[in-house]
Amino acid sequence: SAKDGETDVDNMEGYQMICALTDYVLTSFGTLHCVELQGLEVQGYENPCHYIVEGIAKKLEEILSGGHACELTKGT
């Protein structure tokens, strides 16, 4: 998401997108650890990874359309 001539350090929009997606995964699934995510039991899904990928894809669409407020940085 960095604009031409912008470095990663200056890319606050990209940081906010990553932060929002990380916040979503933590609040929705409780962890970022792959082994723990694979062990989740989700009703209606034989493989929890399918549910996780669907959720992340939907959130990423929302973030890329401009809805990427990061809850982790609010109030700091």
Side-chain angles (χ1 to χ4, degrees):
S1 64
K3 296 171 181 57
D4 288 338
E6 189 176 64
T7 64
D8 288 339
V9 172
D10 299 323
N11 185 7
M12 286 306 296
E13 183 178 18
Y15 168 78
Q16 288 292 326
M17 289 177 171
I18 291 168
C19 183
L21 190 59
T22 301
D23 184 45
Y24 167 77
V25 172
L26 285 172
T27 57
S28 297
F29 308 114
T31 184
L32 294 174
H33 296 120
C34 187
V35 173
E36 293 174 26
L37 291 171
Q38 290 172 345
L40 292 177
E41 291 185 23
V42 181
Q43 187 175 358
Y45 290 84
E46 184 176 324
N47 184 338
C49 293
H50 297 163
Y51 174 74
I52 294 165
V53 169
E54 286 177 14
I56 290 173
K58 287 178 186 174
K59 184 63 177 180
L60 192 53
E61 285 178 358
E62 177 187 320
I63 290 169
L64 292 174
S65 70
H68 57 267
C70 183
E71 298 296 324
L72 294 175
T73 60
K74 288 183 178 175
T76 58

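For reference, positions follow the sequence shown, starting with 1.
The distance from atom CG of Leu21 to atom CD1 of Ile63, rounded to the nearest 0.5 Å, is 4.5 Å. For the atom pair CE of Met17 and OG1 of Thr22, the computed distance is 13.0 Å after rounding to the nearest 0.5 Å.
Ile18 and Ile56 sit in two unconnected hydrophobic clusters of ILVMFWY residues. Membership requires side-chain heavy atoms under 4.5 Å apart, directly or through other members. Under the 4.5 Å side-chain heavy-atom criterion for Ile, Leu, Val, Met, Phe, Trp and Tyr, Leu40 and Val35 are members of distinct hydrophobic clusters. Cluster membership for Val53 and Val42, using ILVMFWY side-chain heavy atoms within less than 4.5 angstrom, is not shared.
With sequence neighbours excluded, no residue satisfies side-chain hydrogen bond (donor to acceptor under 3.5 Å, both in side chains) with Ser28.
Salt bridge annotation for Glu62-Lys59: present, with a cationic side-chain nitrogen under 4.0 angstrom from a carboxylate oxygen.
Every pair passing side-chain hydrogen bond (donor to acceptor under 3.5 Å, both in side chains) that includes a residue from residues 41-57 is listed here, sequence neighbours excluded: Tyr45-Glu54.
With Thr31 as reference, Leu37 is the one residue of Leu26, Leu37, Val25 to meet the side chain to side chain contact (heavy atoms under 4.5 Å, CB included) rule.
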